[in-house]
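All chains are named by letter (A, B, ...) in the order of the sequence lines, taking the proteins before the strands, and each is independently numbered beginning at 1. Any value given below was found using the heavy atoms of this structure, including those in side chains, with hydrogens, waters and symmetry copies removed.
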Amino acid sequence: MKFYNTLTRRLEEFRPIEKGKVGLYTCGPTVYDYPHIGNYRSYVFEDLVKRFLLFAGLRVHHVMNITDIDDKTIRKAGELGVPLAEVTQKYIDAFHADLRTLNILPADVYPRATAHIPEMVSLISSLLDKGFAYEKDGSVYFSIERFPGYGRLANIERGNLKPAAAATHDADEYEKEAVQDFVLWKGKKPGEPYWPAAFGEGRPGWHIECSAMSMKYLGPHFDIHMGGVDNIFPHHENEIAQSECANGMTFVNYWLHCQHLIVDNKKMSKSLGNFHTLADLLQRGCDPMAVRYLLISAHYRKLLNFTFDSLEMAGQALARIKNFDFSLKSIHNPGEADPETAGLIAAAEKAFAGHLADDLNISGALGALFDFITKTNQRMTNLKQKDAVQVLAFLHRLNSVLGVLDAAEEKPLDAVIEEKIGEREAARKAKNFKKADAIRAELKARGIVLMDTPDGVKWKKE
RNA sequence: GGCGGCGUAGCCAAGUGGUAAGGCAGCGCUCUGCAAAAGCGUUAUUCAUCGGUUCAAAUCCGGUCGCCGCCUCCA
């Protein structure tokens with residue numbers, strides 16, 4: 001399989017460091033507020049990659065950090081007048097709930113920054129010892145001029161900064177030798193949390209946490225690091241600088257970055273106010289699986305424009321897959337399976353996997369799935385239960401990658417509804433269609449859709 | 001100022017040299033008590049635009065127009 005590596009700006013064949021295993025690090029949330037669905041585009045994309053690696057038979061060790069100490073979390077706690085840990089725990093819980101709602105597989109570890117301060121202190125000490133960092137007024141900075149590879153990931157030449165940006169660049173409260181140097185350790189300030197360190201009390205900078213925690217759980221050199229494109233610079237660039245200077249070896253082999261979700265041609269962001277949280281969408285009655293489908297349905301390196309129309313279309317496309325699943329489950333014909341079934345499955349699986357192996361070409365993969373659905377629907381009336389079982393197993397194998405079919409929907413009906421359906425059947429037999437339609441409308445209002453088929457009445461949740 | 005991306009039917013979106021996947025929406029038909037689902041047919045001589053290379057270009061090269069991102073916290 002091939003991935004587009006931001007570091008080399010080309011498609012590269014993926015080769016794990018250790019055969020059959022993948023070390024995967026993804027940048028997690030800063031827990032000062034609810035994420036919006038633009039944030040979730042990245043997490044859902046990362047989930048797709050992870051699921052595809054698993055589908056391909058690889059064992060994945062996935063680490064996602066939680067940033068629970070930084071300027072924003074401190075500010076939020078100050079505004080609310082509650083302890084930092086109380087604020088961060090609230091948003092951590094909310095984050096995990098959203099991940100479940102979007103059917104995102106959990107990471108193996110969710111390390112929190114505040115639980116790894118000693119590791120960061122030790123890493124900073126090492127950078128100081130090796131001469132890549134310096135202290136100034138109680139803070140510690142990384143000196144980018146001492147790392148020749150700086151700027152390679154983001155393709156930024158030093159000295160090519162926007163003149164205006166360079167001039168006004170963060171004259172912040174911290175003193176640095178060079179304007180582009182970044183902070184590893186922020187000296188203690190009144191009213192802020194702090195931890196002890198050989199180089200003075202204080203708290204970690206944002207970038208150092210990802211280096212320290214990825215190193216702890218994945219080692220100094222691992223396979224894949226992912227995040228949103230806006231993390232390329234400076235965050236990931238800085239991670240590379242810190243990690244490679246401390247360890248003297250390559251940090252990460254493959255860097256994958258997900259493009260932004262946009263709204264009205266503008267990046268969805270908190271500052272522009274043009275965002276929706278997952279809770280907002282659920283409150284409007286949107287199906288979370290349609291949200292997931294929409295977020296994965298465009299190629300990850302292209303902008304995706306969010307509209308309620310496109311969410312509606314995603315829901316309709318998903319409905320085609322669900323109807324297919326539904327039809328297959330209704331087949332109980334006896335007899336031997338048609339040999340053609342296995343052939344069609346093999347061809348579709350090859351096409352599906354082939355497209356995903358081509359830098360996650362999801363459109364191609366979905367095209368292969370829909371082609372298969374159409375072909376199988378054409379054969380549907382002749383299929384035996386033995387065919388249906390094979391096809392269902394295949395569909396669910398593909399869904400192990402897509403994650404858009406929600407198993408939780410398959411709850412049995414309660415007795416009252418069963419009774420209504422029976423009543424309606426009796427009315428239909430008696431040609432009392434008015435009553436039959438009234439019952440159907442009543443059930444529809446409760447989210448149960450009835451379908452009359454040659455095999456008898458079927459139902460599904462809307 | 002530097003770096004990078006995008007522009008394919010009503011909408012979404014694949015396709016990077018060989019003659020336009022797929023999804024949604026629409027229209028006609030089949031099935032059906034009516035629906036729903038499903039099927040069949042139909043929906044871009046054309047890929048922002050101009051020019052070039054080639055037997056052949058949406059795909060390569062150059063120009064133009066429009067839009068966006070990064071260079072500062074940000075998925």
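For the pair A:Leu304 CG and B:G23 P, the interatomic distance rounds to 19 Å; values are reported in whole Å. In this structure, A:Arg9 places its CZ atom 9 Å from C1' of B:G4, rounding to the nearest Å. Here B:G22 presents its P atom at 13 Å from CG of A:Leu366, a figure rounded to the nearest Å. B:A37 atom C1' lies 13 Å from atom CD1 of A:Ile331, rounded to whole Å. Here B:G22 presents its C1' atom at 15 Å from CG of A:Leu318, a figure rounded to the nearest Å. The separation between A:Leu328 atom CG and B:A38 atom P is 12 Å, rounded to whole Å. Spacing between atom CG of A:Leu303 and atom P of B:C68 amounts to 11 Å, rounded to whole angstrom units. Atom pair A:His355:NE2 and B:G23:P shows a separation of 14 Å (rounding to whole Å applied).
Using C1' as the reference atom, B:A21 and B:C47 are 14 Å apart when rounded to the nearest Å. For the P atoms, the distance from B:U8 to B:C3 is 26 Å, rounded to whole Å. Comparing the same atom, P, in B:G1 and in B:A58 gives a spacing of 34 Å after rounding to whole Å. Taking atom P on both B:G66 and B:C60, the two are 23 Å apart, rounded to the nearest angstrom. Between B:G7 and B:A14, the distance separating the two C1' atoms is 15 Å to the nearest Å. Separation of the C1' atoms belonging to B:C68 and B:U45 is 32 Å when rounded to the nearest angstrom. B:C67 sits 11 Å from B:A48 when the C1' atoms are compared, rounded to a whole Å. Comparing B:C65 with B:C27, their P atoms are spaced 42 Å from each other, to the whole Å.
Closest to the side chain of A:Ile156, from the set B:C71, B:G23, B:C3, is B:C71. When distances run from any side-chain atom of A:Asn155 to the nucleotides B:A75, B:C73, B:G4, the shortest one goes to B:G4. In the set B:A75, B:C11, B:A14, B:A75 carries the atom at the smallest distance from any side-chain atom of A:Met268. Here the nucleotide nearest the side chain of A:Asn361, chosen from B:G15, B:A21, B:A75, is B:G15. When distances are taken from the side chain of A:Lys267 to each of B:A13, B:A37, B:G69, the shortest belongs to B:G69.
Residue side chain A:Arg440 reaches the base of B:A35 through a donor-acceptor N/O pair under 3.5 Å, judged by distance alone. Judged by atom type and distance alone, A:Arg428 reaches the base of B:G33 through a side-chain donor-acceptor pair under 3.5 Å. Remark: the A:Asp437 side chain and the B:G33 base include a donor-acceptor N/O pair separated by less than 3.5 Å.
Taking a pair to require two hydrogen-bonding distances under 3.5 Å in either a Watson-Crick or a G-U wobble arrangement, B:U59 remains unpaired. Nucleotide B:C65 is matched to B:G7 when pairs are restricted to Watson-Crick or G-U wobble geometry with both distances under 3.5 angstrom. Pair check for B:U45 finds none; no Watson-Crick or G-U wobble contact set falls under 3.5 Å. Pairing of B:C73, defined by two Watson-Crick or G-U wobble distances under 3.5 Å, is not identified with any nucleotide. Base pairing of B:G17 is not made with any nucleotide, judged by Watson-Crick or G-U wobble geometry with both donor-acceptor distances under 3.5 Å. Look at B:G28: its Watson-Crick or wobble partner, with both distances under 3.5 angstrom, is B:C40.
Two rings, from A:His276 and A:Phe308, have their centers less than 6.0 Å apart. No close placement of the A:Tyr32 and A:Tyr91 rings is indicated, their centers lying 6.0 Å or farther apart. With ring centers used as reference points, A:Tyr25 lies 6.0 Å or more from A:Tyr217. Separation of the A:Phe394 and A:Phe372 ring centroids falls under the 6.0 Å cut-off. For A:His236 and A:His225, the ring centers are positioned less than 6.0 Å apart.
By the criterion of a centre-to-centre distance under 5.5 Å and near-parallel planes under 30°, the ring of A:Phe370 forms no stack with the base of B:G22.
Contacts of A:Glu46 with the nucleic acid, taken as non-hydrogen atoms under 4.0 Å apart, are absent. Residue contacts shown for A:Lys302 are limited to sugar-phosphate atoms, with no base heavy atom under 4.0 Å away. Residue-level contact check: A:Gly38 touches the bases, meaning some heavy atom is under 4.0 Å from a base atom. At a threshold of 4.0 angstrom between heavy atoms, the contacts of A:Leu450 include nucleobase atoms, whether or not backbone atoms are also involved. Among the heavy atoms of the strands lying under 4.0 Å from A:Asp371 are primed sugar atoms or P, OP1, OP2 only; no base atom is included. Using a 4.0 Å heavy-atom cutoff across all strands shown, A:Leu261 reaches at least one base atom of the nucleic acid. Across all strands, A:Ser271 comes closer than 4.0 Å to no nucleic acid atom at all (heavy-atom distances). Across all strands, A:Arg152 comes closer than 4.0 Å to no nucleic acid atom at all (heavy-atom distances).
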If you apply the rule salt bridge (charged side-chain N to carboxylate O under 4.0 Å, His left out), what do you find for A:Asp325 with A:Arg320, and how did you get there?
CA-CA 9 Å; A:Asp325 184 55; A:Arg320 184 166 166 82; over 6 Å; no
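Remark: A:Gln259 is not in phosphate contact with B:G5, judged by side-chain N or O atoms under 4.0 Å from OP1 or OP2. Side-chain nitrogen and oxygen atoms of A:Lys266 include at least one within less than 4.0 Å of the OP1 or OP2 phosphate oxygen of B:C68. Contact annotation: A:Asn265 side-chain N/O to B:C67 OP1/OP2 distance is not under 4.0 Å. Contact annotation: A:Asn323 does not reach the phosphate of B:A36 (side-chain N/O to OP1 or OP2, under 4.0 Å). Close to B:G39, at under 4.0 Å from its OP1 or OP2, lies a side-chain N or O of A:Arg320. Within the structure, a side-chain polar atom (N or O) of A:Asn39 is placed less than 4.0 Å from OP1 or OP2 of B:A75.
Using the six-membered ring where Trp is involved, A:Phe45 and A:Tyr300 have ring planes that are parallel, under 30° apart on the 30 and 60° scheme. Aromatic ring orientation, A:Phe52 versus A:Phe55: parallel (interplanar angle below 30°, classes split at 30° and 60°). The aromatic rings of A:His96 and A:Tyr110 sit perpendicular, their planes meeting at an angle over 60°, well past the 30° parallel limit. Ring planes of A:Phe147 and A:Tyr150: perpendicular class, angle over 60° (limits at 30 and 60°).
Nearest-nucleotide positions on RNA chain B place A:Tyr4 closer to the 5' end than the other of A:Gly28 and A:Tyr4. For the pair A:Asp452 and A:Asp309, nearest-nucleotide mapping onto RNA chain B gives the more 5' position to A:Asp309.
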